[in-house]
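So you know, we letter chains A, B, ... as the sequences are listed, proteins then strands, and number each from 1. Values reported hereafter were calculated over all heavy atoms of this structure, with side chains retained and with hydrogens, waters and symmetry mates removed.
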Amino acid sequence: MDIIKGIKGVKDILPEETPRWRLIEDAARRWALCYGYQEIRIPIFELTALFARSIGATTDIVEKEMYTFPDRDGTSLTLRPEGTAGTVRAFIEHNRAADPLPQKHFYLGPMFRHERPQAGRLRQFHQFGAESFGTSDPRADIEVIALLWRLLSDLTLPGLTLEINSLGSSGDRAAYKPILLAFLKLQESHLCANCRRRMDTNPLRALDCKVPDCRVATESAPRLTDHLSPEARVHFDQVLAGLTAIGIPYRLNPRLVRGLDYYCLTSFEITSTHLGAQNAVGAGGRYDGLVEALGGPSVPAVGFAVGLERVSLMLPETSSSSNNECLYYVAAFGEKGTQLGLVLLDELRRIGLSAQCDYRATTLKAHLRQADRSACRYAILLGDDEATRGSIILRNLASKAQEELPLAGLSHLLKARTTSV
RNA sequence: GUGGGUGUAGCUCAGCUGGUUAGAGCGCCGGAUUGUGGAUCCGGAGGUCGCGGGUUCGAAACCCGUCACUCACCCCA
């Protein structure tokens, strides 16, 4: 019979890897809480219409990357391809705008996109994201970027660069588009087929095309940042000044155009030289119109998302080991020893001392080998000799020092010792 | 969706221009040590050579197809 295998692009995170994931997730939670963001847990699937309306009907995500399926009554549902849409939906649905506190949320969990897998890209992948609602002040942009930057720096990820741009207001982009389009028309013969198509759909995307000829052709293109309204210009300058004030280095990238429709004004991306072709670790921006577009009140917002697989790929080995450790190995063998060992093991665990045993082992030698492998601190030797004496031998596996202790009340004695240290 | 690379033991990989019983290292189990782990030595288990077809006296190797994995494009975290 054929074995059933996992789905393409969907990976198991095995026990050897979970400590590094916990390290990442714990750091993300810690930093988010530290910045005053509260965890929100939103569903893994939503009505398809939510994503179509928020992300943009003509984006690749919506056009060809969503896991969409009909519910039993025919309603179209979709596994979430990102977290902002659901967070905004929840924000509107529960009328959070009425809450006087600043609404700052973070989330952590799996996302789904039907793409061809490659290094740093999976069909089920994990994101940590933060969303700040209700504040149009540039300090909110700075705060969000700082949270992202401090988190990634804390994890000591190598080769990080913060790139930043302003997309202006929707009005700015509307005014800029014909100017850009006129320029692209002149260069049309030098552009790739893709970019020629983009001239009709989303001309801004031609600016961050990776085809070398296109880069050359658009080198002297008019810049969106030169066509910002005074308000957008001030906002952008304040964000940059704030980043400088708190010591976060950035690089202006006038070509940085985010793929999702809902972004406006500040747009940023953190890349690393230590990833493969997918070098973006985290990215985000401001999306002032989204809440209203989804039927809520007019509420400004800014946020980001980090790809946790990409963080994991970059995480230095040194920071993630030394976990999963167990304190006691109960080496119970022989007829009476085995019986007493079963009880002792349970007593240790009930009192909160981690303990394990390999039930397959029948000899002391086999037990000690397992104790060594499982990296326990101590082995408790309990054979028939000890059983008749009513004692055990406590062996320090590192120093090999042994001492005989009474079996009665052993778990309390050991508990008292570990807490007094 | 498009292109390249790779599929041999649990893992990492050898395997010559086709040649007889398919190999190594690591890991695993056992023994040397009848109640003391890691080191050493000895022994053992473990393989539909991704799958299907073809060429051939003979295929892990050559040809065709197919699937999987992987990297890259598109795009994105």
State which of B:C74, B:G35, B:U36 makes the closest approach to the side chain of A:Lys64. B:C74
If you check the A:Ala277 side chain, which of B:C29, B:G38, B:C73 turns out closest? B:C73
For a quick check under 3.5 Å, do A:Gln124 and A:Tyr67 share a side-chain donor-acceptor pair by atom type? no
Is any side-chain N or O of A:Arg395 under 3.5 Å from a base N or O of B:G37, one able to act as donor and the other as acceptor? yes
Measuring from A:Thr266:OG1 to A:Phe304:CZ, what's the distance to the nearest 0.5 Å? 14.5 Å
Have a look at A:Lys400 and say if it touches a base, only the backbone sugar-phosphate, or nothing, with a 4.0 Å heavy-atom cut-off. base
Pair A:Glu404-A:Arg389, salt bridge (charged side-chain N to carboxylate O under 4.0 Å, His left out): steps then yes or no: CA-CA 10 Å; A:Glu404 187 151 359; A:Arg389 264 181 282 147; 2.4 Å; yes
Rounded to whole Å, the CD-C1' distance (A:Glu16 to B:G10) equals 12 Å
Is a donor-acceptor contact shorter than 3.5 angstrom present between the side chain of A:Gln402 and the base of B:U36? yes
Nearest-nucleotide 5' precedence on RNA chain B, A:Ile7 against A:Glu386: A:Glu386
For A:Gly284, report the nucleic acid contact type (base, sugar-phosphate, nothing); a contact means any heavy atom under 4.0 Å. nothing
Using whole Å, what does the distance between atom P of nucleotide B:A77 and atom CG of A:Leu275 come to? 14 Å
Please test A:Ile270 against A:Leu157 for side-chain contact (heavy atoms from CB on, under 4.5 Å), starting from the C-alpha separation and ending with a verdict. CA-CA 11 Å; A:Ile270 293 183; A:Leu157 304 189; over 6 Å; no
For B:C29, take OP1 and OP2 only and decide whether either is under 4.0 Å from a side-chain N or O of A:Arg373. yes
Using a strict threshold of under 4.0 Å (side-chain N to carboxylate O), is an ion pair present between A:Arg96 and A:Glu131? no
How does RNA chain B read in dot-bracket, base by base from 5' to 3', with Watson-Crick or G-U pairs under 3.5 Å and | used when the partner is on another strand? (((((((..((((.....[...)))).(((((.......))))).....(((((..]....))))))))))))....
Atom CG in A:Leu308, atom CG in A:Leu313: separation rounded to 0.5 Å? 11.0 Å
5' priority, RNA chain B, between A:Lys5 and A:Glu269 [closest heavy atom]: A:Lys5
Quick one: label A:Leu397 by what it contacts on the DNA or RNA (base, sugar-phosphate, nothing), any heavy atom closer than 4.0 Å. base
Between atom CD of A:Glu82 and atom CZ of A:Phe125, what is the distance when rounded to the nearest 0.5 Å? 9.0 Å
In terms of ring plane angle, is the pair A:Tyr176 and A:His227 parallel, tilted or perpendicular, where the classes change at 30° and 60°? tilted
For the side chain of A:Ala283, counting heavy atoms from C-beta on, which of B:U36, B:A72, B:A77 is nearest? B:A77
Atom-pair distance (CG on A:Asp60; C1' on B:C76), nearest Å: 9 Å
Starting from C1' on B:C29, measure out to CZ on A:Arg369 and report it in whole angstrom. 8 Å
Which nucleotides of nucleotides 1-6 of chain B have their base under 4.0 Å from a protein heavy atom (B), which only their sugar-phosphate (S), and which neither (-), written as one string 5' to 3'? BBB---
Report the distance from atom CD1 of A:Ile393 to atom C1' of B:U36, rounded to the nearest whole Å. 9 Å
Would you say B:U70 has OP1 or OP2 under 4.0 Å from some side-chain N or O of A:Gln118? no
Give the rounded distance in Å between these two atoms: CD of A:Glu404 and C1' of B:U36. 14 Å
Inspect the surroundings of CD1 in A:Ile7 and state if more than 12 heavy atoms from other residues, nucleotides or ligands are less than 6.0 Å away. no
Taking NZ, NE, NH1 and NH2 as the nitrogens, is one of them in A:Asp358 or A:Arg373 under 4.0 Å from a carboxylate oxygen of the other? no
How many Å lie between NZ on A:Lys365 and C1' on B:A39, as a whole number? 12 Å
d(CZ, A:Arg310; P, B:C71) in whole Å: 12 Å
Any side-chain N or O of A:Lys11 under 4.0 Å from OP1/OP2 of B:U70? yes
